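From a predicted model like this one, the values you see are computed outputs, not experimental measurements.
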Amino acid sequence: MVVPHGGRLVDRVLKGDERQEALERVHLLPKLELSRDLAFEVENIATGVFSPLEGFLGREDLESVLDHGRLANDVPWTIPIVLDISEDVASSIRDELVLCYRGEPVAIMEVEEVYAYDRVGMALGVYGTTSEEHPGVLKVNGMKDLLVAGKVDLLNQVPSPFPKYKLSPKETRVLFELKGWRTVVGFQTRNVPHIGHEYVQKTALTFVDGLFINPVIGRKKPGDFKDEVIIAAYEALMENYYLRDTAVLAVLQMEMRYAGPREAVHHAIVRKNFGCTHFIVGRDHAGVGNFYPPYAAQEIFEDYPDIGIVPLFFRSFFYCRRCGGVVNEKVCPHGEEYRVSFSGTKLRRTLKGEAEEGGVLIRPEVEEVIRSYPEPFVEGR
Amino acid sequence: MDRTKEVKIPSSLYRAIEEKIEGSNFPSVSEFVTYAVRKALKELSGYREQLSEEEKEEIKDRLRALGYL
(Lines give C-alpha, C1' and ligand atoms only; values in the text may rest on other atoms or scores of the structure.)
Protein backbone atom coordinates (compact mmCIF):
# COMPACT_ATOMS: atom_id res chain seq x y z
CA MET A 1 0.00 0.00 0.00
CA VAL A 2 1.29 3.45 -0.90
CA VAL A 3 2.82 5.28 2.05
CA PRO A 4 0.70 8.25 3.17
CA HIS A 5 2.06 11.71 2.42
CA GLY A 6 4.77 12.63 4.90
CA GLY A 7 5.10 9.00 6.00
CA ARG A 8 2.19 8.57 8.37
CA LEU A 9 -1.58 8.61 8.10
CA VAL A 10 -2.81 11.16 10.61
CA ASP A 11 -5.58 9.98 12.90
CA ARG A 12 -6.82 12.59 15.34
CA VAL A 13 -10.34 11.25 15.75
CA LEU A 14 -11.08 10.99 19.46
CA LYS A 15 -12.73 7.80 20.67
CA GLY A 16 -13.89 6.20 23.92
CA ASP A 17 -12.78 7.73 27.20
CA GLU A 18 -10.57 10.28 25.50
CA ARG A 19 -13.54 11.65 23.53
CA GLN A 20 -15.79 11.58 26.58
CA GLU A 21 -13.27 13.51 28.65
CA ALA A 22 -12.92 16.09 25.87
CA LEU A 23 -16.70 16.46 25.52
CA GLU A 24 -16.99 17.12 29.25
CA ARG A 25 -14.72 20.15 29.08
CA VAL A 26 -16.27 21.60 25.93
CA HIS A 27 -18.64 23.85 27.90
CA LEU A 28 -15.70 25.45 29.73
CA LEU A 29 -13.90 26.55 26.57
CA PRO A 30 -14.39 29.40 24.10
CA LYS A 31 -16.15 28.38 20.92
CA LEU A 32 -15.76 29.30 17.28
CA GLU A 33 -18.52 28.65 14.77
CA LEU A 34 -17.19 27.36 11.44
CA SER A 35 -18.56 27.50 7.93
CA ARG A 36 -19.33 24.16 6.31
CA ASP A 37 -16.13 24.34 4.26
CA LEU A 38 -13.98 24.95 7.34
CA ALA A 39 -15.74 22.15 9.20
CA PHE A 40 -14.81 19.89 6.28
CA GLU A 41 -11.19 21.05 6.58
CA VAL A 42 -11.15 20.11 10.27
CA GLU A 43 -12.50 16.67 9.49
CA ASN A 44 -10.06 16.22 6.62
CA ILE A 45 -7.15 17.04 8.92
CA ALA A 46 -8.30 14.71 11.68
CA THR A 47 -9.09 11.74 9.43
CA GLY A 48 -5.80 11.91 7.54
CA VAL A 49 -7.08 13.26 4.22
CA PHE A 50 -4.59 16.10 4.67
CA SER A 51 -1.75 13.98 6.15
CA PRO A 52 0.81 14.98 7.32
CA LEU A 53 -1.06 18.05 8.63
CA GLU A 54 -2.30 17.62 12.17
CA GLY A 55 -3.82 21.05 12.42
CA PHE A 56 -4.15 24.44 10.77
CA LEU A 57 -0.89 25.86 9.47
CA GLY A 58 1.34 28.13 11.56
CA ARG A 59 3.19 31.09 10.13
CA GLU A 60 6.41 29.24 9.27
CA ASP A 61 4.59 26.54 7.33
CA LEU A 62 2.27 29.03 5.66
CA GLU A 63 5.17 31.16 4.42
CA SER A 64 6.98 28.08 3.18
CA VAL A 65 3.86 26.85 1.36
CA LEU A 66 3.32 30.21 -0.32
CA ASP A 67 6.97 30.76 -1.22
CA HIS A 68 8.09 27.23 -2.08
CA GLY A 69 5.01 24.99 -2.38
CA ARG A 70 6.34 22.92 0.51
CA LEU A 71 5.90 22.73 4.27
CA ALA A 72 8.76 24.05 6.40
CA ASN A 73 10.11 20.46 6.63
CA ASP A 74 10.30 20.35 2.80
CA VAL A 75 7.34 17.97 2.32
CA PRO A 76 5.40 19.00 -0.82
CA TRP A 77 2.29 21.04 0.07
CA THR A 78 0.75 23.69 -2.14
CA ILE A 79 -2.52 24.89 -0.61
CA PRO A 80 -2.67 26.78 2.71
CA ILE A 81 -4.97 25.04 5.16
CA VAL A 82 -5.65 27.94 7.50
CA LEU A 83 -8.28 29.11 9.96
CA ASP A 84 -9.06 32.82 9.93
CA ILE A 85 -10.40 34.64 12.98
CA SER A 86 -11.28 38.22 13.90
CA GLU A 87 -9.33 40.26 16.44
CA ASP A 88 -12.29 39.98 18.84
CA VAL A 89 -12.16 36.20 18.74
CA ALA A 90 -8.36 36.25 19.03
CA SER A 91 -8.55 38.27 22.23
CA SER A 92 -10.94 35.77 23.81
CA ILE A 93 -9.18 32.48 23.08
CA ARG A 94 -6.86 30.68 25.46
CA ASP A 95 -4.98 27.39 25.07
CA GLU A 96 -7.89 25.50 23.64
CA LEU A 97 -10.72 26.40 21.32
CA VAL A 98 -13.85 24.42 20.50
CA LEU A 99 -14.61 24.41 16.79
CA CYS A 100 -18.34 24.13 16.12
CA TYR A 101 -20.55 23.63 13.11
CA ARG A 102 -24.22 24.58 13.33
CA GLY A 103 -23.77 24.97 17.08
CA GLU A 104 -22.46 21.43 17.62
CA PRO A 105 -18.85 20.83 18.69
CA VAL A 106 -16.79 19.29 15.91
CA ALA A 107 -13.27 19.45 17.32
CA ILE A 108 -11.01 20.83 20.01
CA MET A 109 -8.06 22.85 18.81
CA GLU A 110 -4.82 23.25 20.75
CA VAL A 111 -4.05 26.88 20.03
CA GLU A 112 -0.36 27.22 19.20
CA GLU A 113 -0.16 30.54 17.44
CA VAL A 114 -2.26 33.52 16.37
CA TYR A 115 -0.72 35.62 13.62
CA ALA A 116 -1.36 38.20 10.95
CA TYR A 117 -0.90 37.45 7.27
CA ASP A 118 -0.64 39.22 3.97
CA ARG A 119 -3.76 38.81 1.78
CA VAL A 120 -1.96 39.92 -1.38
CA GLY A 121 0.87 37.48 -0.71
CA MET A 122 -1.62 34.68 -0.13
CA ALA A 123 -3.58 35.46 -3.30
CA LEU A 124 -0.42 35.65 -5.41
CA GLY A 125 1.15 32.61 -3.78
CA VAL A 126 -1.83 30.33 -4.27
CA TYR A 127 -3.70 31.73 -7.26
CA GLY A 128 -0.98 33.68 -9.05
CA THR A 129 -3.23 36.73 -9.30
CA THR A 130 -4.90 39.44 -7.24
CA SER A 131 -7.82 39.81 -9.64
CA GLU A 132 -11.16 39.61 -7.91
CA GLU A 133 -12.48 37.91 -11.02
CA HIS A 134 -10.84 34.84 -9.52
CA PRO A 135 -13.16 33.17 -6.96
CA GLY A 136 -10.19 32.14 -4.79
CA VAL A 137 -8.91 35.72 -4.56
CA LEU A 138 -12.41 36.91 -3.70
CA LYS A 139 -12.47 34.40 -0.87
CA VAL A 140 -9.03 35.47 0.45
CA ASN A 141 -10.09 39.12 0.38
CA GLY A 142 -13.12 38.23 2.47
CA MET A 143 -11.12 36.40 5.14
CA LYS A 144 -10.80 37.73 8.66
CA ASP A 145 -7.62 39.55 9.73
CA LEU A 146 -5.80 36.88 11.75
CA LEU A 147 -5.00 33.19 11.46
CA VAL A 148 -5.00 30.72 14.32
CA ALA A 149 -2.78 27.65 14.14
CA GLY A 150 -2.82 24.42 16.09
CA LYS A 151 -3.61 20.72 16.12
CA VAL A 152 -7.23 19.59 16.04
CA ASP A 153 -8.86 16.56 17.66
CA LEU A 154 -12.16 15.51 16.13
CA LEU A 155 -15.07 15.07 18.54
CA ASN A 156 -17.91 14.55 16.08
CA GLN A 157 -18.16 13.83 12.37
CA VAL A 158 -19.46 16.65 10.20
CA PRO A 159 -22.90 15.69 8.82
CA SER A 160 -22.64 14.63 5.20
CA PRO A 161 -25.31 14.97 2.52
CA PHE A 162 -23.93 11.71 1.10
CA PRO A 163 -23.18 9.41 4.06
CA LYS A 164 -23.29 6.37 1.80
CA TYR A 165 -20.31 7.67 -0.15
CA LYS A 166 -18.25 9.19 2.63
CA LEU A 167 -15.10 7.17 3.29
CA SER A 168 -11.99 8.06 5.25
CA PRO A 169 -8.48 7.26 4.00
CA LYS A 170 -8.28 4.45 6.53
CA GLU A 171 -11.41 2.95 5.01
CA THR A 172 -10.40 3.35 1.38
CA ARG A 173 -7.01 1.78 2.13
CA VAL A 174 -8.70 -1.27 3.64
CA LEU A 175 -11.15 -1.35 0.74
CA PHE A 176 -8.40 -1.27 -1.90
CA GLU A 177 -6.51 -3.98 -0.06
CA LEU A 178 -9.57 -6.21 0.17
CA LYS A 179 -10.25 -5.71 -3.52
CA GLY A 180 -6.70 -6.82 -4.23
CA TRP A 181 -5.80 -3.52 -5.87
CA ARG A 182 -2.07 -2.88 -5.69
CA THR A 183 -2.28 0.07 -8.05
CA VAL A 184 -5.16 2.55 -7.96
CA VAL A 185 -5.75 5.61 -10.09
CA GLY A 186 -7.59 8.55 -8.53
CA PHE A 187 -9.94 10.74 -10.53
CA GLN A 188 -10.86 14.18 -9.25
CA THR A 189 -14.03 15.76 -10.54
CA ARG A 190 -16.45 18.60 -9.93
CA ASN A 191 -18.57 17.79 -12.94
CA VAL A 192 -21.12 15.33 -14.18
CA PRO A 193 -19.41 12.71 -16.33
CA HIS A 194 -19.39 13.15 -20.08
CA ILE A 195 -17.98 10.55 -22.42
CA GLY A 196 -14.58 12.28 -22.47
CA HIS A 197 -14.25 11.76 -18.72
CA GLU A 198 -15.23 8.13 -19.13
CA TYR A 199 -12.56 7.54 -21.75
CA VAL A 200 -9.86 9.19 -19.65
CA GLN A 201 -10.82 7.06 -16.65
CA LYS A 202 -10.99 3.83 -18.64
CA THR A 203 -7.75 4.53 -20.46
CA ALA A 204 -5.99 5.01 -17.12
CA LEU A 205 -7.72 1.96 -15.68
CA THR A 206 -6.27 -0.17 -18.46
CA PHE A 207 -2.87 0.14 -16.78
CA VAL A 208 -3.78 -0.16 -13.09
CA ASP A 209 -5.87 -2.45 -10.88
CA GLY A 210 -8.58 -0.06 -9.76
CA LEU A 211 -10.24 3.30 -10.35
CA PHE A 212 -11.17 5.62 -7.49
CA ILE A 213 -13.70 8.22 -8.65
CA ASN A 214 -13.68 10.96 -6.05
CA PRO A 215 -16.00 13.93 -6.75
CA VAL A 216 -15.47 17.03 -4.65
CA ILE A 217 -18.48 17.95 -2.57
CA GLY A 218 -18.51 21.45 -1.15
CA ARG A 219 -18.56 25.10 -2.14
CA LYS A 220 -18.45 25.60 -5.90
CA LYS A 221 -18.93 28.55 -8.17
CA PRO A 222 -22.24 29.49 -9.76
CA GLY A 223 -22.79 27.56 -12.97
CA ASP A 224 -21.09 24.38 -11.69
CA PHE A 225 -23.28 21.31 -11.31
CA LYS A 226 -24.91 20.80 -7.93
CA ASP A 227 -23.40 18.07 -5.78
CA GLU A 228 -26.50 15.87 -5.81
CA VAL A 229 -26.60 16.00 -9.61
CA ILE A 230 -22.95 14.95 -9.89
CA ILE A 231 -23.47 11.98 -7.59
CA ALA A 232 -26.69 10.85 -9.30
CA ALA A 233 -25.02 11.15 -12.71
CA TYR A 234 -22.06 9.02 -11.60
CA GLU A 235 -24.38 6.43 -10.11
CA ALA A 236 -26.10 6.12 -13.50
CA LEU A 237 -22.79 5.91 -15.35
CA MET A 238 -21.26 3.31 -13.04
CA GLU A 239 -24.34 1.15 -12.95
CA ASN A 240 -24.42 0.91 -16.73
CA TYR A 241 -20.83 1.20 -17.93
CA TYR A 242 -18.37 0.17 -15.18
CA LEU A 243 -17.29 -3.09 -13.61
CA ARG A 244 -18.04 -3.24 -9.91
CA ASP A 245 -14.73 -5.00 -9.27
CA THR A 246 -12.57 -2.29 -10.78
CA ALA A 247 -14.21 1.03 -9.90
CA VAL A 248 -15.26 2.70 -6.66
CA LEU A 249 -17.12 5.97 -6.06
CA ALA A 250 -16.65 8.00 -2.87
CA VAL A 251 -17.03 11.70 -2.17
CA LEU A 252 -14.40 14.14 -0.97
CA GLN A 253 -15.88 16.87 1.22
CA MET A 254 -13.65 19.78 0.36
CA GLU A 255 -14.18 23.15 -1.25
CA MET A 256 -12.90 23.84 -4.74
CA ARG A 257 -10.36 26.65 -4.78
CA TYR A 258 -9.82 26.89 -8.55
CA ALA A 259 -6.09 27.29 -7.92
CA GLY A 260 -5.15 25.43 -11.11
CA PRO A 261 -1.61 23.99 -10.93
CA ARG A 262 -1.23 24.27 -7.17
CA GLU A 263 -4.59 22.68 -6.61
CA ALA A 264 -3.72 19.82 -8.98
CA VAL A 265 -0.77 18.96 -6.72
CA HIS A 266 -3.02 19.24 -3.66
CA HIS A 267 -5.59 16.94 -5.27
CA ALA A 268 -2.86 14.39 -6.01
CA ILE A 269 -1.57 14.47 -2.42
CA VAL A 270 -5.06 13.97 -1.03
CA ARG A 271 -5.65 10.94 -3.30
CA LYS A 272 -2.27 9.52 -2.26
CA ASN A 273 -3.54 9.63 1.31
CA PHE A 274 -6.65 7.74 0.23
CA GLY A 275 -4.31 5.02 -1.07
CA CYS A 276 -4.01 5.90 -4.76
CA THR A 277 -0.74 5.18 -6.55
CA HIS A 278 -1.66 7.20 -9.65
CA PHE A 279 -3.62 10.38 -10.29
CA ILE A 280 -5.22 11.71 -13.46
CA VAL A 281 -4.39 15.28 -14.42
CA GLY A 282 -6.22 16.59 -17.45
CA ARG A 283 -6.38 19.86 -19.33
CA ASP A 284 -6.81 22.97 -17.14
CA HIS A 285 -7.18 20.89 -13.98
CA ALA A 286 -8.90 22.93 -11.23
CA GLY A 287 -8.70 26.02 -13.41
CA VAL A 288 -11.16 28.83 -13.83
CA GLY A 289 -11.61 31.26 -16.73
CA ASN A 290 -8.31 31.89 -18.47
CA PHE A 291 -6.18 32.31 -15.36
CA TYR A 292 -3.87 29.36 -16.09
CA PRO A 293 -2.32 27.98 -19.28
CA PRO A 294 -4.15 24.80 -20.32
CA TYR A 295 -1.38 22.39 -19.29
CA ALA A 296 0.19 24.32 -16.38
CA ALA A 297 -1.41 21.85 -13.97
CA GLN A 298 0.63 19.08 -15.60
CA GLU A 299 3.90 21.01 -15.85
CA ILE A 300 3.97 21.85 -12.13
CA PHE A 301 4.57 18.18 -11.29
CA GLU A 302 8.13 18.60 -12.63
CA ASP A 303 8.80 20.54 -9.41
CA TYR A 304 7.66 17.60 -7.30
CA PRO A 305 9.64 14.47 -8.18
CA ASP A 306 9.29 13.49 -4.51
CA ILE A 307 5.49 13.70 -4.36
CA GLY A 308 5.06 9.92 -4.07
CA ILE A 309 2.13 9.47 -6.47
CA VAL A 310 2.38 9.04 -10.24
CA PRO A 311 0.56 11.76 -12.18
CA LEU A 312 -1.02 10.54 -15.41
CA PHE A 313 -1.27 13.36 -17.91
CA PHE A 314 -4.02 13.43 -20.49
CA ARG A 315 -4.64 15.73 -23.40
CA SER A 316 -8.26 16.42 -24.27
CA PHE A 317 -10.37 13.63 -25.67
CA PHE A 318 -12.97 14.42 -28.34
CA TYR A 319 -15.39 12.65 -30.63
CA CYS A 320 -14.17 12.44 -34.24
CA ARG A 321 -16.87 11.92 -36.87
CA ARG A 322 -14.37 10.42 -39.32
CA CYS A 323 -12.76 8.07 -36.79
CA GLY A 324 -16.26 7.25 -35.62
CA GLY A 325 -15.28 7.23 -31.96
CA VAL A 326 -13.70 8.98 -29.01
CA VAL A 327 -10.03 9.77 -29.66
CA ASN A 328 -7.42 12.37 -28.77
CA GLU A 329 -4.98 14.50 -30.72
CA LYS A 330 -2.23 11.90 -30.36
CA VAL A 331 -4.18 9.32 -32.34
CA CYS A 332 -6.56 11.24 -34.61
CA PRO A 333 -5.21 12.69 -37.89
CA HIS A 334 -8.42 14.51 -38.84
CA GLY A 335 -9.17 18.20 -38.77
CA GLU A 336 -11.19 20.36 -36.41
CA GLU A 337 -14.20 20.16 -38.73
CA TYR A 338 -14.72 16.52 -37.76
CA ARG A 339 -14.23 16.96 -34.03
CA VAL A 340 -16.80 17.41 -31.30
CA SER A 341 -15.11 18.57 -28.11
CA PHE A 342 -16.27 17.54 -24.66
CA SER A 343 -16.17 20.97 -23.11
CA GLY A 344 -18.25 21.63 -20.04
CA THR A 345 -19.73 24.66 -21.79
CA LYS A 346 -20.92 22.51 -24.69
CA LEU A 347 -22.35 19.98 -22.27
CA ARG A 348 -24.28 22.70 -20.46
CA ARG A 349 -25.62 24.05 -23.77
CA THR A 350 -26.68 20.56 -24.80
CA LEU A 351 -28.48 20.00 -21.52
CA LYS A 352 -30.22 23.35 -21.87
CA GLY A 353 -31.36 22.30 -25.36
CA GLU A 354 -29.16 24.96 -27.02
CA ALA A 355 -26.97 22.42 -28.89
CA GLU A 356 -27.59 19.08 -30.59
CA GLU A 357 -24.60 16.98 -29.56
CA GLY A 358 -26.21 14.85 -26.85
CA GLY A 359 -25.59 11.44 -28.42
CA VAL A 360 -21.81 11.78 -28.62
CA LEU A 361 -21.24 13.93 -25.53
CA ILE A 362 -22.98 12.08 -22.79
CA ARG A 363 -24.44 8.64 -22.07
CA PRO A 364 -28.24 8.63 -22.40
CA GLU A 365 -28.70 7.22 -18.89
CA VAL A 366 -26.59 10.06 -17.48
CA GLU A 367 -28.39 12.70 -19.52
CA GLU A 368 -31.76 11.39 -18.34
CA VAL A 369 -30.71 11.67 -14.69
CA ILE A 370 -29.43 15.22 -15.13
CA ARG A 371 -32.55 16.29 -16.96
CA SER A 372 -34.67 14.98 -14.06
CA TYR A 373 -33.39 17.95 -11.99
CA PRO A 374 -35.30 21.16 -12.77
CA GLU A 375 -32.21 23.26 -11.90
CA PRO A 376 -29.00 21.18 -12.01
CA PHE A 377 -26.60 24.12 -11.66
CA VAL A 378 -25.33 26.07 -8.66
CA GLU A 379 -27.17 29.37 -8.69
CA GLY A 380 -25.83 32.88 -8.10
CA ARG A 381 -23.74 35.42 -9.91
CA MET B 1 28.59 -11.05 13.04
CA ASP B 2 29.60 -8.37 10.55
CA ARG B 3 28.37 -4.89 11.46
CA THR B 4 27.98 -3.99 7.80
CA LYS B 5 27.03 -5.77 4.56
CA GLU B 6 27.65 -4.94 0.94
CA VAL B 7 24.70 -3.81 -1.20
CA LYS B 8 24.98 -3.18 -4.93
CA ILE B 9 23.52 -0.03 -6.51
CA PRO B 10 23.86 1.09 -10.16
CA SER B 11 27.17 2.85 -10.86
CA SER B 12 25.34 5.85 -12.32
CA LEU B 13 23.33 6.27 -9.12
CA TYR B 14 26.54 5.94 -7.07
CA ARG B 15 28.15 8.70 -9.11
CA ALA B 16 25.05 10.91 -8.79
CA ILE B 17 25.12 10.51 -5.00
CA GLU B 18 28.84 11.27 -4.92
CA GLU B 19 28.25 14.52 -6.77
CA LYS B 20 25.25 15.46 -4.66
CA ILE B 21 26.88 14.94 -1.26
CA GLU B 22 30.00 16.89 -2.07
CA GLY B 23 30.16 19.71 0.46
CA SER B 24 27.22 18.31 2.44
CA ASN B 25 27.14 16.74 5.89
CA PHE B 26 27.30 13.23 4.44
CA PRO B 27 30.90 12.01 4.64
CA SER B 28 30.40 9.13 2.20
CA VAL B 29 27.97 7.50 -0.20
CA SER B 30 27.47 4.68 2.32
CA GLU B 31 26.39 7.15 5.00
CA PHE B 32 23.94 8.74 2.61
CA VAL B 33 22.45 5.42 1.48
CA THR B 34 22.13 4.25 5.10
CA TYR B 35 20.31 7.47 5.97
CA ALA B 36 17.98 7.23 2.95
CA VAL B 37 17.15 3.57 3.53
CA ARG B 38 16.45 4.14 7.23
CA LYS B 39 14.13 6.98 6.31
CA ALA B 40 12.30 4.85 3.75
CA LEU B 41 11.97 1.95 6.21
CA LYS B 42 10.55 4.25 8.84
CA GLU B 43 7.97 5.55 6.40
CA LEU B 44 6.98 2.05 5.29
CA SER B 45 6.60 0.68 8.78
CA GLY B 46 4.81 3.80 9.99
CA TYR B 47 1.59 3.01 8.16
CA ARG B 48 1.47 -0.75 8.60
CA GLU B 49 1.60 -0.48 12.37
CA GLN B 50 -1.41 1.78 12.64
CA LEU B 51 -4.44 -0.45 12.13
CA SER B 52 -5.28 -3.07 14.72
CA GLU B 53 -7.11 -6.22 13.64
CA GLU B 54 -10.15 -5.06 15.60
CA GLU B 55 -10.17 -1.72 13.82
CA LYS B 56 -9.76 -3.45 10.47
CA GLU B 57 -12.78 -5.66 11.20
CA GLU B 58 -14.85 -2.60 12.13
CA ILE B 59 -13.92 -0.98 8.83
CA LYS B 60 -14.80 -4.13 6.91
CA ASP B 61 -18.21 -4.19 8.59
CA ARG B 62 -18.85 -0.57 7.62
CA LEU B 63 -17.73 -1.14 4.03
CA ARG B 64 -20.09 -4.12 3.81
CA ALA B 65 -22.96 -2.10 5.27
CA LEU B 66 -22.37 0.66 2.72
CA GLY B 67 -22.35 -1.84 -0.14
CA TYR B 68 -18.68 -1.50 -1.07
CA LEU B 69 -17.96 -5.18 -0.37
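- Side-chain atoms of A:L178 and B:Y68, non-hydrogen and from C-beta on, never get closer than 4.5 Å to each other.
- When heavy atoms are compared at a cutoff of 4.5 Å, B:L69 approaches chain A by way of both its backbone and its side chain.
- Judged as a salt bridge (Lys or Arg N to Asp or Glu O under 4.0 Å), not a single pair has a partner in residues 238-251 of chain A (not counting sequence neighbours).
- Within 6.0 Å of atom CD in A:E18, 12 or fewer heavy atoms from other residues, nucleotides or ligands are found, so the atom counts as exposed in its surroundings.
- Surrounding CD of A:E365 are more than 12 heavy atoms belonging to other residues, nucleotides or ligands, all under 6.0 Å away.
- Shown here is B:N25, whose CG atom has no more than 12 heavy atoms of other residues, nucleotides or ligands within 6.0 Å.
- The nearest pair of heavy atoms linking B:K60 to A:V174 is CG-CG1, 4.4 Å.
- Here the closest non-hydrogen pair linking A:D11 and B:E55 is OD2-OE2, 4.2 Å.
- At a threshold of 4.5 Å between non-hydrogen side-chain atoms, the residues B:L66 and A:K166 do not count as touching.
- Under the ring-ring contact (aromatic ring centres under 6.0 Å, His included) criterion, A:H5 pairs with no residue, sequence neighbours left out.
- B:L51 contributes atom CG, which lies 9.5 Å from atom CZ of A:R173 (distance to the nearest 0.5 angstrom).
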